[in-house]
Amino acid sequence: MVLQAEEGQLTTSSPRILVATAVPVERDAVARAFPEPAAELSRPGTVLHRLPDGGPDLLAAGVGPALAAASTAAALTAAALDGAPYALVVSAGIGGGFLPDAPVGSLVVADEITAADLGAETADGFLPVTDLGFGTVTHHPPAGLVAAAATATGARPGTVLTGSTVTGTAERAALLRARHPRALAEAMEGFGVAEAAAAHGVPVLELRAVSNPVGPRDRAAWRIGEALGALTDAFGKLAPVLRSWTPHDSHG
Ligand SMILES: O=C(O)c1cccc(C(=O)CC[C@H]2O[C@@H](n3cnc4c(=O)[nH]cnc43)[C@H](O)[C@@H]2O)c1
């Protein structure tokens, strides 16, 4: 809860939260966790679905880190210019899970959001962009919020990787796990959403419902309906956590 001075009175209100999914079916799965329908709201460069009664704004931000970053940044800027900035951004959706730790239908909450393919290949292997002297490859969601989200939803905390390419072979899956032993899931947007949030000084959370194992490509085997159902259930449990979360918990 946040205390706000309103016409001389102290009132309580929930922090404003933006939930960024990749595609509209993921956004709608999140929306189904809330009792009232969302209202569509156009902003420059983006379209939001606003839930009533202090619920989050929902954004289908697009597939991949670049479009997700651009859409999230547009929403963050619009909110700031409206004088009602977001206090938290949540990257959410389906994802690939590393077996055996994150099976299909399970949930993963990121305690690290890591760009898996941002860097350079060399004769001696992959160098992350930080080793080249640039930027960052990992964002850390607030630890207290990660713990609360894990407790409320049953999500397992761990690293969630972001890549521009869905892993399609056992070799690539093993290589990623060797480079990132704490990785539980892989998706395509979290790092982009986190970069946009960081540019605005806003904390980020990432929650993934596992639709498929990370490994050999078998698109027909993706359990998208099951994962979307898990996402809805998770947001039903996460909503009270988000409502009572205060930005002062950022590092707690
Ligand atoms: O076809 C559908 O009905 C459908 C419904 C919801 C989502 C999709 C997508 O294709 C979304 C792609 C989205 O999913 C994430 N994802 C899922 N599995 C993986 C994976 O193994 N590796 C990387 N990303 C994965 C990703 O974030 C994509 O944006 C289709």
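All values below come from the heavy atoms of this structure, side chains included, with hydrogens, waters and symmetry mates left out. Just follow the structure's listing: the first ligand is 1, and inside any ligand the first atom is 1. All of these numbers come straight from a predicted model, not from anything done at the bench.
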> Which ligand 1 atoms, with their elements, are less than 4.0 angstrom from a heavy-atom of Ser211?
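Those of ligand 1 that fall under 4.0 Å from Ser211 are 17 (C), 18 (N).
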> List every atom of ligand 1 that sits less than 4.0 Å from any heavy atom of Trp222, numbering the atoms from 1 in the order shown and giving each element.
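Near Trp222, meaning under 4.0 Å from one of its heavy atoms, ligand 1 has 17 (C), 18 (N), 19 (C).
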> I'd like to know if Arg177 and Asp101 make a salt bridge, using a cut-off of under 4.0 Å between side-chain N and carboxylate O.
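A salt bridge links Arg177 with Asp101.
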> Once you restrict to heavy atoms under 4.0 Å, what part of Ala187 touches ligand 1? Side chain, backbone, both or neither.
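Both backbone and side chain.
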> Look at atom 5 (C) of ligand 1 and say which protein heavy atom is nearest, naming residue and atom and giving the distance to 0.1 Å.
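For atom 5 (C) of ligand 1, the nearest protein heavy atom comes out as Val25 CG2, 3.2 Å.
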> I'd like to check which ligand 1 atoms, numbered from 1 as shown, lie under 4.0 Å from a non-hydrogen atom of Ala22.
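Result: 29 (O).
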> For Phe126, look at atom CZ and say whether over 12 heavy atoms of other residues, nucleotides or ligands are found less than 6.0 Å away.
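Yes, the 6.0 Å shell around CZ holds more than 12 heavy atoms from other groups.
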> Using a 4.0 Å heavy-atom cut-off, say whether Asn212 meets ligand 1 through its side chain, its backbone, both or neither.
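The side chain, only.
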> Of the protein's non-hydrogen atoms, which lies at the shortest distance from atom 1 (O) of ligand 1, and what is that distance?
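Answer, as residue, atom name and distance: Arg219 NH2, 3.4 Å.
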> Do the side chain of Thr138 and the main chain of Glu112 share a donor and acceptor less than 3.5 angstrom apart?
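Looks like no, no N/O pair under 3.5 Å.
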> Side chains of Leu18 and Thr72, heavy atoms from C-beta outward: is any pair under 4.5 Å?
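Yes, close enough: below the 4.5 Å cut-off.
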> Establish whether atom 12 (C) of ligand 1 and some protein heavy atom are separated by less than 4.0 angstrom.
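No, no protein heavy atom sits under 4.0 Å from atom 12 (C) of ligand 1.
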> Can you pull out the closest protein heavy atom to atom 29 (O) of ligand 1? Residue, atom name and distance to 0.1 Å, please.
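Of the protein heavy atoms, Glu189 OE2, 2.4 Å lies nearest.
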> Side chain, backbone, both or neither: which part of Ile94 has a heavy atom under 4.0 Å from ligand 1?
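Both backbone and side chain.
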> Please determine if Met188 has a nitrogen or oxygen closer than 3.5 Å to a nitrogen or oxygen of ligand 1.
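For ligand 1, there is an N or O atom that lies under 3.5 Å from one belonging to Met188.
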> Answer yes or no: is there a donor N or O on one side and an acceptor on the other, between the side chain of Glu186 and the main chain of Val160, under 3.5 Å?
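Checked: no pair found.
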> In sequence, state the C-alpha distance, the side-chain angles, and the governing distance for Leu176 and Leu161, and then conclude on side chain to side chain contact (heavy atoms under 4.5 Å, CB included).
CA-CA 9 Å; Leu176 285 173; Leu161 301 178; 4.1 Å; yes
> Within the 4.5 Å heavy-atom criterion, are Asp117 and Thr162 side-chain neighbours or not?
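A side-chain contact is absent here, since even the closest heavy-atom pair is not under 4.5 Å.
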> Nearest non-hydrogen contact with atom 23 (C) of ligand 1 belongs to which option: Arg27, Glu186, Glu26?
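Nearest option to atom 23 (C) of ligand 1, by heavy atoms: Glu186.
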> When you measure from the heavy atoms of Val214 to every atom of ligand 1, does any distance fall below 4.0 Å?
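It does not, in that no heavy atom of Val214 comes within the 4.0 Å cut-off of ligand 1.
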> When you group the ILVMFWY residues by side-chain heavy-atom contacts below 4.5 Å and let the links chain together, are Leu81 and Leu48 in the same group?
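No: no chain of side-chain contacts under 4.5 Å links Leu48 to Leu81.
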> Please classify the Arg217 to ligand 1 contact at 4.0 Å (heavy-atom distances, strictly less than): side chain, backbone, both or neither.
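Answer for Arg217: neither.
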> How far is atom 19 (C) of ligand 1 from the closest protein heavy atom, and which atom is that?
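Here the nearest protein heavy atom works out to Gly96 N, 3.3 Å.
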> Just going by heavy-atom distances, which of Val23, Leu231, Asp28 is nearest to atom 7 (C) of ligand 1?
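It is Val23 that holds the nearest heavy atom.
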> Side chains of Glu40 and Val47, heavy atoms from C-beta outward: is any pair under 4.5 Å?
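Contact flag for Glu40/Val47 side chains = yes.
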> Donor-acceptor check, side chain of Arg208 to backbone of Ile94, threshold 3.5 angstrom: yes or no?
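Yes, Arg208 side chain to Ile94 backbone: donor-acceptor pair under 3.5 Å.
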> Determine yes or no for a side-chain-to-main-chain donor-acceptor pair under 3.5 angstrom, with Glu195 supplying the side chain and Gly192 the backbone.
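The answer is no, because no donor-acceptor pair under 3.5 Å joins these two groups.
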> Ignoring hydrogens, just give me the one of Pro65, Ala61, Gly95 whose non-hydrogen atom is nearest atom 17 (C) of ligand 1.
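Closest candidate by heavy-atom distance is Gly95.
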> Measure Arg208 to ligand 1 on non-hydrogen atoms and call it side chain, backbone, both or neither using the 4.0 Å cut-off.
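It is the side chain that touches ligand 1; the backbone stays farther off.
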> Indicate yes or no for a side-chain donor-acceptor contact from Thr114 to the backbone of Ala116 under 3.5 Å, with no hydrogens or angles considered.
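Pair absent, no side-chain N/O of Thr114 close to backbone of Ala116.
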> If you have a sec, work out which protein heavy atom is nearest atom 4 (C) of ligand 1 and how many Å separate them, to one decimal?
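Minimum-distance protein heavy atom for atom 4 (C) of ligand 1 reads Ile224 CD1, 3.6 Å.
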